Colleague: 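Pasting a structure here, questions to come.
Quick note: residue numbers are just sequence positions, from 1. Because the structure is a prediction, the values reported are computed rather than measured. Only this structure's heavy atoms are used, side chains among them; waters, hydrogens and symmetry mates stay out.
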Amino acid sequence: MPDTAPAPRGTCLAFDFGEKRIGVAQGSAETATAHPLSTLSGGSNEQKFAAIAALIREWQPDYLVVGLPVHSDGTEHELTRLARKFGRRLHERFALPVYFADERHTSLLAESLLAEAQVFGRKQKSVLDSVAAQVILFDFFDSGAVERLNGGG
C-alpha cells in the first residue's frame with residue numbers, strides 16, 4: 001500500500017502513462033519548473049524502457065513521478081492499475097523513488113495550453129502527452145502531499 005509523504009526536493013522525470021503512448025517531462029522542485037521532453041510511442045515495452053533508461057542517464061533525476069489516472073470522483077479503474085504497475089517496474093529497473101500524482105483533467109489542460117500556443121492538429125498530437133506530463137509535474141509540485149510507492153527509496 002502506498003504511503004503519503006511531502007513532495008521531495010531535486011530534479012525528476014514525470015510520466016503521463018498510457019497503453020499506447022507515454023509522455024515524459026523533466027522538472028525541478030526547487031524552482032517549481034517543468035518542461036516537456038518527449039513522447040514514447042510504438043515499439044515493445046522493452047524499447048520504451050530502453051528509451052526511459054536513456055532519459056534517466058541524460059537527466060540524472062533524483063526521483064520519478066507517474067500520473068495516476070482515476071475517474072473524476074477519484075475511484076480507480078483498469079488504467080490506474082496499469083499505471084501503478086508501470087511505477088513499480090520503473091522502481092525495480094532504476095532503483096529510484098517513485099511517486100504517484102493525480103492526473104485528473106491533465107490532458108484537457110494540456111490541450112488548452114497547446115491551443116493557447118496556437119499548436120493544433122498533428123503538431124498538437126505529437127506533443128500532447130509530454131505536455132500532459134508537464135502539467136502532472138506542476139500539479140505534483142503544487143500538492144501538499146504525494147503518494148509514494150512503498151520501498152521507493
Colleague: Show the nearest heavy-atom pair for residues V98 and G87, with the distance to one decimal.
Modeller: CG2-O, 3.6 Å
Colleague: So do F100 and V66 actually touch side chain to side chain, heavy atoms under 4.5 Å?
Modeller: yes
Colleague: Going from CZ on R89 to NZ on K85, what distance comes out if it is rounded to the nearest 0.5 angstrom?
Modeller: 6.5 Å
Colleague: Where is the tightest heavy-atom contact between C12 and P61, given as atom of each residue plus distance?
Modeller: CA-CB, 3.8 Å
Colleague: Which donor-acceptor pairs under 3.5 Å do side chains of residues 47-60 form with protein atoms, sequence neighbours excluded?
Modeller:
residue	atom	partner	partner atom	Å
Q47	OE1	S44	N	2.6
Q60	NE2	R57	O	2.8

Colleague: Any idea which heavy atoms bring S130 and S38 closest together, and the distance?
Modeller: CB-O, 3.3 Å
Colleague: Quick one: OH on Y63 to CG on L90, what's the gap to the nearest 0.5 Å?
Modeller: 14.5 Å
Colleague: Treating Ile, Leu, Val, Met, Phe, Trp and Tyr as nodes and any side-chain heavy-atom pair under 4.5 angstrom as an edge, say whether F138 and V24 lie in one connected cluster.
Modeller: no
Colleague: Can you measure from CG (D16) to CZ (R21) and round to the nearest 0.5 angstrom?
Modeller: 9.0 Å
Colleague: I'd like to check L96 versus L13 (side-chain heavy atoms, cut-off strictly below 4.5 Å). Are they in contact?
Modeller: no
Colleague: Could you check whether any side-chain heavy atom of T80 comes within less than 4.5 Å of a side-chain heavy atom of L68, counting everything from C-beta outward?
Modeller: yes
Colleague: Begin from the C-alpha positions of D139 and D102 and carry the test side chain to side chain contact (heavy atoms under 4.5 Å, CB included) through to its verdict.
Modeller: CA-CA 8 Å; D139 287 349; D102 187 335; over 6 Å; no
Colleague: With a 4.0 Å cut-off, would you call E78 and R81 a salt bridge?
Modeller: yes
Colleague: Is there side-chain contact between L79 and F17, with heavy atoms separated by less than 4.5 Å?
Modeller: yes
Colleague: Would you call Q26 and T11 a side-chain contact if the rule is heavy atoms closer than 4.5 Å?
Modeller: yes
Colleague: Considering non-hydrogen atoms only, spot the tightest contact between G10 and D62 and give its length.
Modeller: CA-OD2, 3.2 Å
Colleague: How many angstroms lie between atom CZ of F140 and atom CD of E103, to the nearest 0.5 angstrom?
Modeller: 14.0 Å
